[in-house]
Amino acid sequence: MLTLKYITDHTEEVIARLGKKNFNGKDIIAQVLDLDAQRKSTQVKVDTASAELNNISKEVGILFKQGKTDQADQAKAKTAELKETIKNLGDQLSETENSLNNLLVQIPNLPHESVPAGKHAEDNVLEREGGEMPTLHSEAVPHWDLAKKYDLIDFELGVKISGAGFPVYKGKGARLQRALINFFLDNALAAGYLEIQPPYVVNATSGYGTGNLPDKEGQMYHCQLDDLYLIPTAEVPVTNIYRDVILNENELPIKNTAYSACFRREAGSYGKDVRGLNRLHQFDKVEIVQIQHPDKSYDTLTEMVNYVQTLIEKLELPWRILRLCGGDMSFTSALTFDFEVYSAAQERWLEVSSVSNFESFQANRLKCRFKGADKKTTLCHTLNGSAMALPRIVAALLENNQTPEGIRIPKALVPYTGFEMIK
RNA sequence: GGAGAGAUGGCAGAGUGAUCGAUUGCAGCGGUCUUGAAAACCGCCGUACUGCAAGGUACCGGGGGUUUGAAUCCCUCUCUCUCCGCCA
């Protein structure tokens, strides 16, 4: 969430920038400022009354020790009203704080100045593109047919065991998964990321920390008996490592990578979007997370985007990078680049990675700060990206590399798969 | 799952009703000394809100209660540890 200080000091600017995300912040910001003023004045009253009570209490103690019980009793009598006042003001204060917080969590992050205006995915701006568009042979088919033909992925079997969106990978299909995970992790390691194996379920506090709760509650699987949530991405547990943490400035940047299975309910999805590997309830992903000094976070974003580009290039897929417009960006992001690969048989672009700078938006909720040389604590900036999500990469690999003789594995992956062709 | 013990500052660890935001040790930071380092010595060393500042307030796992006054007493929740059971 945004910091109160920033909203207070840059009110007009905040409202204007929220407009780019198609969020009308005028009323809510006014309410926030009003509640904050209330909060402050109530706080002062509570503090003053508490100070008085503390003084009387000390006095009473001294009087008792001196044996002046009459005077002590007199002093005690004064406290009843004071306690009542403090209790009432305290209730009022927490009520105000709750309302204030409820409003703050509804305000999205401010888009970076370079974010293009727009409402929908069509308004995203092409940043750059590369790779070669494949020419498919005449009998080319979409990946779900290839998966069946070569017995790589069994969607029906997944339905039997779990339900739609839980495919079963078999044989070379399974080995391709494992190869990609290792390929992505090894590359991340070489790029200086520390490998993490996080838990796959998180508690509610962690869900709140990354902003998956309360608003996206319906998107996560919830184990009600133990009140735990299946992670929708490794971002959740990995970022929460740094919840309530004050880092030393010289520890920055923190660079973590993690492979995890990801679980998403995807309520409300339908149609061609969910065909085959395009959208699943369970999928594999390698995530990269960085925690960085505010002055350097945009350099880091560029570094991360460039890094993801190298992965796609090694996989020899046709790709493009989009700078997301205000309307298509996530609630928490300040600037996001999406990576898409072209899936030739489906003749459509598939999003395979999303790299974002959240600036201090996540860090504020997480209370992830660093202490500088001046001993001041400052909110860190957090960034993350997929590097990368497997299913759509697999879809594109299968479709684009299909030949009458079989499916060709890109050179960079062969050491990981142990085979060059799927026949 | 059963029984017991516990949760205090980065870590270790005192504190069982008031002068405790908290003794002490270690770690860290600054300094003296030294060619440099070590040792020794001196000082600093939690977070947040509020205030120009001085200061005030809150926080000793979370929540509630008793009391003029709670780290300390009571209730409750959560978590951790030990033993037993089960088990990859």
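On a predicted model such as this, the values are computed, not experimentally measured, just so you know. Throughout, protein chains are lettered first and strands after them, A, B, ... in sequence-line order, and every chain is numbered starting at 1. Side chains are part of it too, since the values below use all heavy atoms of this structure and drop only hydrogens, waters and symmetry mates.
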Under 3.5 Å donor-acceptor, A/Asn240 side chain and A/Val236 backbone:
yes
Roughly how many Å apart are B/rG9 and B/rU72, using the P atom of each and rounding to a whole number?
15 Å
Just call it for A/Lys371: base, sugar-phosphate, or nothing, with non-hydrogen atoms closer than 4.0 Å on any strand.
sugar-phosphate
Could you state the atom-to-atom distance from CD of A/Glu97 to P of B/rC59 in whole Å?
13 Å
Could you give the NZ-to-C1' distance, from A/Lys58 to B/rG56, as a whole number of Å?
11 Å
What is the distance, to the nearest angstrom, from the CG atom on A/Leu53 to the P atom on B/rU67?
13 Å
Answer yes or no: is there a donor N or O on one side and an acceptor on the other, between the side chain of A/Asn124 and the main chain of A/Leu322, under 3.5 Å?
no
In whole Å, measure the gap between the P atoms of B/rU8 and B/rG62 for me.
10 Å
Which nucleotide in the list B/rA18, B/rU57, B/rU50 gets nearest to the side chain of A/Val60?
B/rA18
Where the side chain of A/Thr377 is defined as all heavy atoms beyond and including C-beta, which of B/rA58, B/rC49, B/rA48 is the nearest nucleotide?
B/rA48
Base-pairing assignment for B/rU67 (Watson-Crick or G-U wobble, both under 3.5 Å)
none
Determine the contact category for A/Asn54: base if any of its heavy atoms lies under 4.0 Å from a base atom, sugar-phosphate if only primed atoms, P, OP1 or OP2 are that close, otherwise nothing.
sugar-phosphate
When the C1' atoms of B/rA71 and B/rG1 are considered, how many whole Å apart are they?
34 Å
At under 4.0 Å between heavy atoms, what does A/Thr48 touch on the DNA or RNA strands: base, sugar-phosphate, or nothing?
nothing
Using the C1' atom as the reference point in each nucleotide, state the distance between B/rU19 and B/rG69 in Å, no decimals.
13 Å
Please determine if a side-chain N or O atom of A/Arg369 lies less than 4.0 Å away from the OP1 or OP2 oxygen of B/rU47.
no
Just the rounded figure in Å: distance from P of B/rU68 to CD of A/Glu52.
17 Å
Rounded interatomic separation in angstrom, taking CG from A/Asn364 and C1' from B/rU47
15 Å
Taking NZ from A/Lys83 and P from B/rU66, how many angstroms apart are they, rounded to a whole number?
7 Å
Within-4.5 Å side-chain heavy-atom neighbours: A/Gln346 and A/His143:
yes
Touch class at under 4.0 angstrom, heavy-atom based, for A/Ala51 against every strand present
sugar-phosphate
Grab the CD-P distance between A/Gln43 and B/rU57 for me, whole Å please.
12 Å
Whole-angstrom distance between B/rG85 and B/rG2, as gauged at atom P:
16 Å
Rounded to the Å, how far apart are A/Lys367 NZ and B/rC49 C1'?
12 Å
Between the side chain of A/Lys20 and the main-chain N/O of A/Val115, is any donor-acceptor distance below 3.5 Å?
yes
In whole angstrom, give me the gap between the C1' atoms of B/rG51 and B/rU57.
12 Å
Using a 4.0 Å heavy-atom cut-off, does A/Leu82 contact any base of the nucleic acid, only the sugar-phosphate backbone, or nothing at all?
nothing
B/rG15 versus B/rA54 - spacing of their P atoms, nearest Å
35 Å
Just call it for A/Lys40: base, sugar-phosphate, or nothing, with non-hydrogen atoms closer than 4.0 Å on any strand.
sugar-phosphate
Between B/rC75 and B/rA22, how many Å separate the two C1' atoms, rounded to a whole number?
26 Å
Under 6.0 Å from the six-membered ring centre of A/Tyr150 and within 45° of its axis: does the NZ or CZ of A/Lys172 meet both?
no
Relative to each other, are the rings of A/Phe370 and A/His293 parallel, tilted or perpendicular (30° and 60° limits)?
tilted
